[in-house]
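This structure is a prediction, so every number in the text was calculated from the model and none was measured. Within every chain, numbering begins at 1; the chains are lettered A, B, ... in the order of the sequence lines, protein sequences first and strands thereafter.
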Amino acid sequence: MSQVTALIDANNFYASCEQSLDPALIGRPVVVLSNNDGCIVARSAEARSLGITMGTPYFKAKRNLERQNVVVRSSNYALYADMSQRLMSLLESQVEDLEIYSIDEAFARLSRPSDGNLYPWARRLRALARRNLSLPIAIGLGLSKGQAKLANRLAKVVPAHAGLFDLGSCTDPDRWLETISIEDVWGIGRKLALWCRMRGVVNARELREMPTECLRAKAGVVGVRLQRELQGHACLPLDLEPSPKQETCVSRSFSRPITSLEELREAVATYVVRAAEKLRKQHQRTAALTVYTRTSPFIPAFYSRAASTSLDLPSNDTRVLLEAALPLVERIFQPHRPLAKAGVLMQHLQGVNQLQQHLWVPCTQEEQQKRETLMDTIDRLNHRYGRGTVQWAACGLHPNWAMRRERLGRASTTRLDELPIVHC
DNA sequence: TCTGGGGTCCTAGGACCC
DNA sequence: TCTGGGGTCCTAGGACCC
């Protein structure tokens, strides 16, 4: 019995989540905007067929969307994360091994049955996701992750495949690979695609067959590995236990440019608070931290500054991180610069169980225990009653630079007060 | 007026060591 | 006059992903 790799993902995930919670949106064109209502990052099938393109800035598309009567939603990551968890636990129950690869996709390993036919299994799984979560999913099957990715694409793009495609059991795989243009191959970005095209390599099959040494010279071992994957050698193992993060960052664009030190300080404080929460959730501490800010890259006189510091003792305590980060704000601030964005990076992370008490740090075991309990309590309160229930003074009370989310939909799976109301 | 956020991996080159 | 060879570690930047 041979092993098969699957790539399973949700179609138009964010848009599908919105439709899943608000059935009035089913069958209608829906787009979801990035943070700050910046760009279009997801489109329902209906929106796609209207020719609406991914990544278009909202302000450019707005009139057109209104004219075509498209439903526009701000992104709601709490909702998508929750739907994602439900989808992943469903998948976990239906495969042998699962690697959660992103919010809306997962690689899986399973065995090919004796008759070689995996379509009945795939059809059942699709029906299950549709029935339990109201999410459309696509399933691609191959001998490696790279092949599974291509198969998944063919499952979606070719209507006759109805969301399922098995590269390992089709009669003429090369014919299908030729329909996938080089830009759409996983691992080939803009630069490499251009380079390939200049050499006459324009589709997935040609990439698989191009001279390896030529590819290595340009794209290094990463390129060679990708090519081997397309040839059916599984070089990229399934990653079942997600490795601990090496760094964590929180950054946001402002709803309007800011020019005061005070506002920049509030923004950085807000991001530090969020980053500290993330660290605690990941059971990690940070040993170094960077704050940065920049003006808009779309207007002249671009300005960007970063400042870093390291901590004597790794920490995930909000107060400690604020004390380390806030002095850096003065170093990156310059008056008369219309700042468009700021962020914080937590670097050199380590697991909480790695901590060694420094002899010279004036903090007793008992004191530290109390701090940890305090942080835990704050996290619980904020989780239970909503983010911001317990707030840090440094973040400002009513920041008007905070990101725009003017078109939020409902969030029935994560907020009690937004449960659907059924009229009988 | 208005253009997202959060990551990883790899390589080249500099600093430093013996 | 001449100016090794080999190794490690770190960082910045490129490329890519979703």
Hey, does [X] reach any base, or is it just sugar-phosphate, or nothing, if we go heavy atoms under 4.0 Å?
X        : value
A/Lys149 : sugar-phosphate
A/Lys62  : nothing
A/Asp37  : nothing
A/Asn35  : sugar-phosphate
A/Arg225 : sugar-phosphate
A/Val185 : sugar-phosphate
A/Leu33  : nothing
A/Ile103 : nothing
A/Tyr101 : sugar-phosphate
A/Thr248 : sugar-phosphate
A/Arg190 : sugar-phosphate

Assess, by modelled atom type and distance only, whether the side chains of [X] and [Y] contain a donor and an acceptor separated by less than 3.5 Å.
X        : Y        : value
A/Glu262 : A/Ser260 : no
A/Trp401 : A/Glu266 : yes
A/Tyr58  : A/Arg404 : no
A/Thr5   : A/Gln147 : no
A/Arg228 : A/Ser144 : no

To the nearest angstrom, how far is [X] atom [atom1] from [N] atom [atom2]?
X        : N      : atom1 : atom2 : value
A/Asp239 : B/dT8  : CG    : C1'   : 11 Å
A/Tyr292 : C/dA12 : OH    : C1'   : 16 Å
A/Lys191 : B/dT11 : NZ    : P     : 17 Å
A/Asp184 : C/dC17 : CG    : C1'   : 14 Å
A/Gln347 : B/dG7  : CD    : P     : 11 Å
A/Leu345 : B/dG7  : CG    : C1'   : 10 Å
A/Ile299 : B/dT1  : CD1   : P     : 12 Å
A/Lys218 : B/dC10 : NZ    : P     : 18 Å

- Item | Nucleotide opposite C/dG7 in a Watson-Crick or G-U pair, distances under 3.5 Å |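 Its partner is B/dC16 (Watson-Crick or G-U wobble, both distances under 3.5 Å).
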- With rounding to whole Å, what would you report as the distance between C/dG4 and B/dC16 at their C1' atoms?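 Nearest-Å result for C/dG4 against B/dC16 at atom C1': 16 Å.
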Side chain of [X], heavy atoms from C-beta onward: which of [options] has the nearest atom to it?
X        : options              : result
A/Lys278 : B/dT3, B/dG6, C/dC18 : B/dG6
A/Val250 : B/dG4, C/dC17, B/dG6 : B/dG6
A/Cys39  : B/dT8, C/dC16, B/dT3 : B/dT3
A/Asp104 : C/dC18, B/dG4, B/dG6 : C/dC18
A/Phe298 : B/dT8, B/dG7, B/dT3  : B/dT3

- Message: Quick check on A/Arg380: does its CZ atom have over 12 non-hydrogen neighbours (other residues, nucleotides or ligands) under 6.0 Å away?
- Response: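 12 or below, so no.
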For a quick test of reading the model: is some side-chain N or O of [X] closer than 4.0 Å to OP1 or OP2 of [N]?
X        : N      : answer
A/Ser253 : B/dT3  : no
A/Lys341 : B/dG5  : yes
A/Trp186 : C/dC18 : yes
A/Arg404 : B/dG4  : no

- Query: Mapping A/Lys60 and A/Gln282 onto DNA chain B by nearest heavy atom, which one lands closer to the 5' end?
  - Reply: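 Its nearest nucleotide being more 5', the pick is A/Lys60.
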- More 5' along DNA chain B: A/Tyr58 or A/Val222, using each one's nearest nucleotide?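 The residue closer to the strand's 5' end, by nearest nucleotide, is A/Tyr58.
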- Query: Does A/Ser74 reach the main-chain N or O of A/Asp37 with its side chain, forming a donor-acceptor pair under 3.5 Å?
  - Reply: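 No; judged by distance alone, with no hydrogens or angles, the pair does not exist.
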